Amino acid sequence: MTRGLGSLESTVMDRLWSADHPMSVREVHGQLGTDTLAYTTVMTVLTHLYDKGLVTREADGRAYRYRPVRSREAHSAELMSEVLSASDDPHATLLQLVRRLTPDQARALQDILRVGPTDE
Amino acid sequence: MIPVAAALLGYAVLLAWAVPVTLARATWPSRAPRAAVLLWLAASAAASLSFAAGLTLATLPLHPVWRLLGALLHSCLRLIDAAYCPTALPPAAAGLALLAGVALAARLGLTGARRYRAVARHRRTHRDRLAVFGTDPAGVTVVPHPTPAVYAVPGRRPRIVMTTAAYDGLTIPQRAAALSHERAHLTGHHHVLLGLTGALAAALPIPLFRATRDHTARLIELIADDHAVAHAGRTALASALVCVAAPAAPATIALDGGDTITRVQRLLGPADRPRPLTSAASIAASAMLLAVPALTVTAPLLLAAG
């Protein structure tokens with residue numbers, strides 16, 4: 001069940017990004033608080049992240065050690081590249097607040113703003 | 001005497017040509033965006049219904065085919081047939097009309113289904129990648145990135161996203177205005193309107209449907225702007241738009257922001273007085289456009305009942 005685990009994904013990823021080595025389920029569980037969170041819950045979250053291709057794992061004895069596939073910056077850069085790309089969004093996948101101005105348009109807008117509102 | 005079928009087809013063609021030409025040039029839509037969206041949708045629906053009704057009436061000579069559709073329709077069809085049946089039309093033409101109707105309906109259905117699957121998959125993937133970033137107390141997903149951006153991912157589990165550049169660059173009132181704009185899109189289910197108009201234009205790219213798609217997209221931004229103004233004020237929203245729309249460092253990331261300038265000017269210009277007459281007139285026009293095919297087809301039934 002993925003419901004309710006959404007916010008945990010960000011907490012777990014935050015741990016993995018902050019760490020300097022691949023972490024086991026037990027390590028992550030220990031850092032997050034063993035009394036508030038079940039071991040199996042942490043394991044489920046890491047498995048989901050692995051299935052989504054966000055983390056990779058290597059066997060260490062009988063357990064797995066997990067690490068992020070990309071750094072936090074690289075992940076957000078990849079995420080935002082499609083949001084910011086110059087190509088239009090024909091299917092309206094996302095609803096952006098505003099369309100970005102070209103430098104010429106930005107200059108034109110500054111001129112308009114300098115003139116001030118047409119009504120007091 | 002022109003057969004009613006031809007008249008309905010002619011009405012559809014007239015709408016398809018005349019509405020985009022006249023409505024696109026009008027200035028009143030930005031003063032009453034909701035009513036304008038309704039009129040665009042009504043024109044597209046009226047053209048579609050009229051065309052479908054015209055084709056259907058043209059197929060009436062194919063009696064055996066219609067008999068197969070069931071006794072339930074039989075009495076209704078008999079009344080319409082008695083009033084409108086174009087007996088001068090050869091069965092071959094009627095058959096062609098039937099084929100055309102089925103082909104158009106299939107094209108529309110298949111295009112719509114394909115686009116819906118694609119966009120749902122795309123949104124799901126994007127949401128999965130967003131899940132690893134935390135949310136602020138207002139429920140906004142914050143993504144670390146040096147370029148300001150604010151957007152919403154609509155769907156069953158919607159998200160509003162801000163980059164850290166936008167989050168930190170905007171003042172609290174400006175953030176509230178931006179959020180209010182995105183929330184207006186989500187509560188108004190504007191993505192459904194965009195999906196419908198987009199599918200219609202993709203399936204049958206006639207000028208009316210393409211213009212409906214383009215103008216609906218433009219007008220829902222104005223609807224969301226008005227909503228944000230009511231909550232956070234014109235200045236807050238205008239400055240939020242200017243901040244987020246600023247050209248990004250690599251000059252290649254630049255969509256055409258022409259619409260942005262228009263929106264900012266609209267916000268900074270004199271506040272529009274509410275114009276109930278404009279809205280009422282547009283709603284009345286929408287009803288009248290739709291009434292033509294609806295009343296034409298049901299007239300024999302109404303007359304028989306009355």
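Numbers restart at 1 for each chain; the letters A, B, ... are given by sequence-line order, proteins then strands. As the structure is a prediction and not an experimental result, all values here were calculated from the model.
Between atom CG of residue L130(B) and atom CD of residue E9(A) there is a gap of 11.0 Å, rounded to the nearest 0.5 Å. The structure places CD of Q265(B) at 8.0 Å from CG of L109(A), a figure rounded to the nearest 0.5 Å. Here the straight-line distance linking atom CG of L95(A) with atom CG of L194(B) works out to 6.5 Å at 0.5 Å rounding.
Around CZ of R34(B), the count of heavy atoms belonging to other residues, nucleotides or ligands within 6.0 Å does not exceed 12. More than 12 heavy atoms of other shown residues, nucleotides or ligands fall within 6.0 angstrom of atom CZ in R275(B).
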| said: Go through it in stages, so that I can follow the logic: the residues are V264(B) and I112(A), the test is side chain to side chain contact (heavy atoms under 4.5 Å, CB included), and I'd like the CA-CA distance, side-chain angles, deciding distance and then a yes or no. | reply: CA-CA 10 Å; V264(B) 173; I112(A) 294 169; over 6 Å; no

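There is no contact between E73(A) and chain B, counting heavy-atom distances below 4.5 Å. For chain A, no part of R213(B) is nearby; none of its heavy atoms comes within less than 4.5 Å. Contact of V150(B) with chain A is made through backbone and side chain together, with heavy-atom distances under 4.5 Å.
Of all residues spanning residues 110-129 of chain B, those with a heavy atom less than 4.5 Å away from chain A's heavy atoms are R115(B), V119(B), H122(B), R123(B), H126(B), D128(B), R129(B), arranged by number. Of residues 49-61 of chain A, those residues with a non-hydrogen atom less than 4.5 Å from any non-hydrogen atom of chain B are, in numerical order, L49(A), K52(A), L54(A). Of residues 216-244 of chain B, those residues with a non-hydrogen atom less than 4.5 Å from any non-hydrogen atom of chain A are, in numerical order, E221(B), L241(B), V242(B), V244(B). Interface with chain A: from residues 160-184 of chain B, residues T163(B), A178(B), H181(B), E182(B) qualify, criterion being any non-hydrogen pair under 4.5 Å.
Note on ring orientation: taking the six-membered ring where Trp is involved, the planes of F133(B) and H75(A) are tilted (angle from 30° to 60°).
Under a 3.5 Å cut-off, the side chain of S76(A) and the backbone N or O of H145(B) do not form any donor-acceptor pair.
Of all non-hydrogen atoms in G134(B) and S10(A), the two that sit nearest each other are N-CB, 3.8 Å. In this structure, R100(A) and A246(B) approach most closely via the heavy-atom pair NH1-O, 3.2 Å. Pairing each heavy atom of M13(A) with each of V132(B), the nearest pair is CG-CG1, 3.3 Å. Here the shortest heavy-atom pairing between M80(A) and V143(B) reads CG-CG1, 4.2 Å.
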